[in-house]
J.: 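Below you'll find the structure I mean.
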Amino acid sequence: LFYMLYLTNVKHVLCFQRVALLVASDIDALCACKILQALFHCDQVQYTLVPVTGWQDLGTAFLEHKEQFRYFVLINCGANVDLLEMLQPDDDSVFFICDTHRPVDVVNVYNETQIKLLIKQDDDLGVPPYDDIFRDEDDEEGGDSGNESDEGSEPSGKRRRFDERRIERQRAKREWEARRCRLLRFPLCRWAVIGLTDQWVHDKITHMKYVTDIATMQRHVSRHNHRNEDEENSLSIDCMRISFEYDLRLTLYQHWSLYESICNSCYTSCNFKLWTLNGQKKLQEFLADMGLPLKQVRQKFNSMDMSIKENLRDVIEESSNKYGLKDIRIQTFGVHFGFKNRFLASDMVHATAALLESTEKDESDSDNFIKALDSLSRSNLERLHSGIELAKRKLMAIQQTVASCICTNLILSQGPFLYCYLMEGTPDVKLFSKPIALTLLCKYLLKAFVHSTRNKRCKLLPLIMAAPKDVEKGTVIVVGIPPESETSDKKNFFGRAFEKAAESTSSRTLHDNFDTSIIELKTDDRSKFLDALITLLS
């Protein structure tokens with residue numbers, strides 16, 4: 001889809017032009033960036049890549065590059081604000097916006113000269129008709145003015161002659177384009193799969209939407225796999241292969257031990273309630289039911305006996321049905337590099353996210369962005385493996401924090417929503433000063449709370465979570481997520497609620513994230529901000 005949007009809306013404009021590519025710091029945006037880089041390379045489009053973490057970054061990047069560039073491509077940013085009002089660009093500046101954030105600002109939808117939205121035509125944006133919002137001043141003036149320009153537009157009756165060389169050049173160009181499409185689309189599929197999986201892993205789309213889109217992706221991948229079967233490259237030790245698989249819903253299990261993966265996967269941890277003694281006992285019974293020796297389960301997956309690994313998925317699925325884990329297997333894709341390296345799409349999502357928000361070294365956001373982008377290249381498997389190690393530590397920190405919050409009753413019901421605050425000094429609290437990590441913790445915590453509470457009303461409430469952002473500046477990062485549900489849409493209305501609560505209490509907030517449900521707040525203003533939210537949402 002992204003490739004077709006590029007061909008129909010972007011390529012003919014940007015070909016042989018210089019472009020500023022502004023990319024948000026999330027996995028879906030990174031994957032779209034890799035796709036665009038490949039397309040730009042083929043179409044000889046010169047570009048400058050600029051990572052942006054928020055609205056301030058976006059404004060600064062535009063000011064720095066507006067003199068050198070006329071065309072700007074924005075990935076996962078810019079759609080949900082009046083971009084022209086915010087940036088005040090020159091009349092000849094043109095913005096191509098590919099953004100999954102909703103709702104899309106109505107001005108961006110109806111501005112056809114400077115704003116080009118790369119969105120499917122059948123997407124329901126919920127935008128009112130143009131005439132209900134705007135009034136065209138030219139509508140009342142000179143309705144017949146266009147007739148004059150039509151005169152003489154008829155083509156002359158002279159027959160145009162095409163010499164044979166021109167026809168040959170056009171035919172050669174069409175053949176090259178077709179050949180390029182076949183060669184290019186296959187690696188693009190890998191990044192598209194990772195981007196889709198990121199939206200599912202981080203709960204941006206419903207499970208049904210994921211299943212529908214993954215089926216569409218399967219048709220594309222199968223077609224390209226079939227085309228590559230007869231090529232010599234498919235037999236090479238360095239070949240790349242993408243396969244549709246019905247694999248286990250266990251995070252990073254092929255790069256971890258099976259036991260640690262079960263303990264640190266949200267799906268199994270929440271269903272077993274592993275933060276309780278009964279949950280731990282239930283896990284031991286589950287392992288015994290599968291007939292897997294503890295020695296095998298606790299060692300690295302690659303070191304397990306081949307006889308166990310061959311039927312492992314079927315064995316786990318059979319026992320899972322007895323313990324209520326009916327969705328233990330999920331449709332996904334596996335990426336194979338040669339004969340040795342195999343990664344599930346979710347593995348690459350977790351690894352890239354860990355690199356993007358790494359707190360291991362005091363490196364800048366731009367450095368982490370480049371490392372995360374590099375991990376999506378097949379030539380940089382070492383970076384991907386280092387990301388997987390970071391992801392393991394991150395998942396363990398999330399599960400330990402979830403267990404601590406549940407066991408110490410840190411989740412409080414504030415009436416219209418649930419609230420949890422991580423105190424300074426909490427283990428791994430620095431990790432959760434990052435938006436993706438805190439959002440993932442927030443979603444895991446809400447799932448765990450829904451599985452553990454007996455209060456039916458609380459199961460239907462959204463969750464607001466806060467964690468220290470910058471101790472020296474005295475700020476916290478606040479995230480709001482909608483109620484836990486497998487079927488309903490993932491619309492999040494906290495963005496507007498946060499704005500109104502801040503306005504009514506004069507709370508010192510920073511609404512800089514492209515996701516409006518993530519803000520920064522002065523620690524001293526936390527109490528009055530929450531009181532205003534309770535009043536507003538009650």
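The structure displayed is predicted, hence computed values, not measured ones.
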J.: Measure the shortest side-chain to side-chain distance between Leu325 and Phe272 over non-hydrogen atoms and say whether it is less than 4.5 angstrom.
T.: yes

J.: Quick one about Ser93 and Asp90 (side-chain donor to acceptor, distance below 3.5 Å, no hydrogens or angles considered), yes or no?
T.: no

J.: Does His385 have its ring centroid less than 6.0 Å away from the ring centroid of Phe343?
T.: yes

J.: Go through Ser320 and Phe286 one step at a time and tell me if the side chain to side chain contact (heavy atoms under 4.5 Å, CB included) criterion holds.
T.: CA-CA 8 Å; Ser320 295; Phe286 174 68; 3.6 Å; yes

J.: Within the structure provided, determine whether Val23 and Phe369 are in side-chain contact (heavy-atom separation under 4.5 Å).
T.: yes

J.: Donor-acceptor check, side chain of Asn513 to backbone of Ile519, threshold 3.5 angstrom: yes or no?
T.: no

J.: Any non-hydrogen side-chain atom of Asp365 less than 4.5 Å from a side-chain atom of Ser25?
T.: no

J.: Are the side chains of Ser413 and Leu418 in touch, meaning some heavy atoms are under 4.5 Å apart?
T.: yes

J.: Is it the case that atom NZ in Lys209 sees more than 12 heavy atoms from other parts of the structure closer than 6.0 Å?
T.: no

J.: Hey, does the side chain of Thr523 reach the backbone of Gly474 with a donor-acceptor pair shorter than 3.5 angstrom?
T.: yes

J.: To the nearest 0.5 Å, what is the distance between CG on Leu21 and CZ on Phe69?
T.: 10.0 Å

J.: So Cys405 and Leu422, do their side chains get closer than 4.5 Å, heavy atoms only?
T.: yes

J.: Under 3.5 Å, is there a donor-acceptor pair between the side chain of Lys116 and the main chain of Glu112?
T.: yes

J.: How many angstroms lie between atom CG of Asp99 and atom CD1 of Ile75, to the nearest 0.5 angstrom?
T.: 9.0 Å

J.: Would you say Ser433's side chain and Lys430's backbone share a donor-acceptor pair under 3.5 angstrom?
T.: yes

J.: Heavy atoms only: give me the nearest Cys458-Phe449 pair and the separation to one decimal.
T.: CB-CE2, 3.8 Å

J.: Strictly distance-based, threshold 3.5 Å: is any side-chain N or O of Gln114 a donor or acceptor partner for the main-chain N or O of Leu84?
T.: no

J.: Between Asn108 and Leu83, does a side chain to side chain contact (heavy atoms under 4.5 Å, CB included) hold up when you go through it step by step?
T.: CA-CA 7 Å; Asn108 294 336; Leu83 197 64; 4.0 Å; yes

J.: Where does the angle between the aromatic ring planes of Phe72 and Phe62 fall among parallel (under 30°), tilted (30 to 60°) and perpendicular (over 60°)?
T.: tilted

J.: Does the side chain of Lys459 reach to within under 4.5 Å of the side chain of Glu484, using non-hydrogen atoms?
T.: no

J.: Parallel under 30°, tilted from 30 to 60°, perpendicular over 60°: which one fits the rings of Trp200 and Tyr210?
T.: parallel

J.: Is the backbone N or O of Ala20 less than 3.5 Å from a side-chain atom of Thr48, with the two atoms forming a donor-acceptor pair by type?
T.: no

J.: Can you find a side-chain donor-acceptor pair between Thr505 and Ser507 that sits under 3.5 Å?
T.: yes

J.: When rounded to the nearest 0.5 angstrom, what distance separates CG in Leu283 from NZ in Lys273?
T.: 15.0 Å

J.: Heavy atoms only: give me the nearest Met396-Asn264 pair and the separation to one decimal.
T.: CA-OD1, 3.4 Å

J.: Are Trp55 and Val81 close enough, and set up right, to give a side chain to side chain contact (heavy atoms under 4.5 Å, CB included), and what steps lead you there?
T.: CA-CA 10 Å; Trp55 297 113; Val81 297; 3.6 Å; yes

J.: If we ignore angles and hydrogens, is there a donor and acceptor under 3.5 Å between the side chains of Thr100 and Asn76?
T.: yes

J.: In terms of side-chain geometry, is the basic nitrogen of Asp428 or Lys394 positioned less than 4.0 Å from the acidic oxygen of its partner?
T.: no

J.: How long is the gap from CG on Asp524 to OG1 on Thr475, to the nearest 0.5 Å?
T.: 11.0 Å

J.: Determine yes or no for a side-chain-to-main-chain donor-acceptor pair under 3.5 angstrom, with Gln88 supplying the side chain and Glu85 the backbone.
T.: yes

J.: Which heavy-atom pair separates Trp256 from Ser261 by the least distance, and what is that distance?
T.: CE3-CA, 4.1 Å

J.: Do other residues, nucleotides or ligands put more than 12 heavy atoms under 6.0 Å from the CD atom of Gln68?
T.: yes

J.: Kindly determine whether Glu260 and Lys392 satisfy salt bridge (charged side-chain N to carboxylate O under 4.0 Å, His left out), including the steps that lead there.
T.: CA-CA 9 Å; Glu260 287 175 304; Lys392 290 178 188 177; over 6 Å; no

J.: Give a yes or no answer on whether the side chain of Trp191 reaches the backbone of Leu376 with a donor-acceptor pair at less than 3.5 Å.
T.: yes

J.: Is the shortest heavy-atom distance from the side chain of Tyr267 to the side chain of Ile330 under 4.5 Å?
T.: no

J.: Just do the side chain to side chain contact (heavy atoms under 4.5 Å, CB included) check on Lys447 and Cys266 with the steps written out, would you?
T.: CA-CA 8 Å; Lys447 289 178 190 287; Cys266 177; 3.4 Å; yes

J.: What pair of heavy atoms forms the shortest contact from Leu355 to Gly387, and how long is it?
T.: CG-CA, 3.6 Å

J.: Out of Ile398, Ile477, Thr439, which one pairs with Phe432 under the side chain to side chain contact (heavy atoms under 4.5 Å, CB included) rule?
T.: Ile398

J.: Using a strict 4.0 Å threshold on nitrogen-to-oxygen distance, state whether Glu520 and Lys473 make a salt bridge.
T.: no

J.: If every non-hydrogen atom of Ser375 is compared with every non-hydrogen atom of Thr352, which pair is closest and at what distance?
T.: OG-OG1, 3.4 Å

J.: How many angstroms lie between CG in Asp92 and CZ in Arg70, if you round to the nearest 0.5 Å?
T.: 5.5 Å

J.: Do Ser538 and Ile534 have side chains that get closer than 4.5 Å, going by heavy atoms?
T.: yes

J.: Verify whether one side chain among Tyr47 and Gln37 offers a donor that lies under 3.5 Å from an acceptor in the other.
T.: yes

J.: Could you go step by step and tell me if Ser377 and Lys34 meet the side chain to side chain donor-acceptor pair (under 3.5 Å) rule?
T.: CA-CA 9 Å; Ser377 302; Lys34 293 295 289 186; 2.7 Å; yes

J.: Can you sort out the partners of Tyr259 under ring-ring contact (aromatic ring centres under 6.0 Å, His included), two or more places apart, ordered by chain and number?
T.: none

J.: Would you call Lys500-Glu503 a salt bridge at under 4.0 Å N-O?
T.: no

J.: Supply the atom-to-atom distance Leu530 CG to Asp525 CG, rounded to the nearest 0.5 angstrom.
T.: 11.0 Å

J.: Can you tell me if Leu277 has over 12 outside heavy atoms packed within less than 6.0 Å of its CG?
T.: no

J.: Kindly give the heavy-atom pair with the smallest separation between Ile411 and Ile406, and that separation in Å.
T.: CD1-CD1, 3.9 Å

J.: Is it true that a side-chain atom of Thr332 and a backbone atom of Asp247 form a donor plus acceptor pair closer than 3.5 Å?
T.: no

J.: Measure from the side-chain N and O atoms of Lys282 to the backbone N and O of Tyr323, and report whether any donor-acceptor pair falls under 3.5 Å.
T.: no

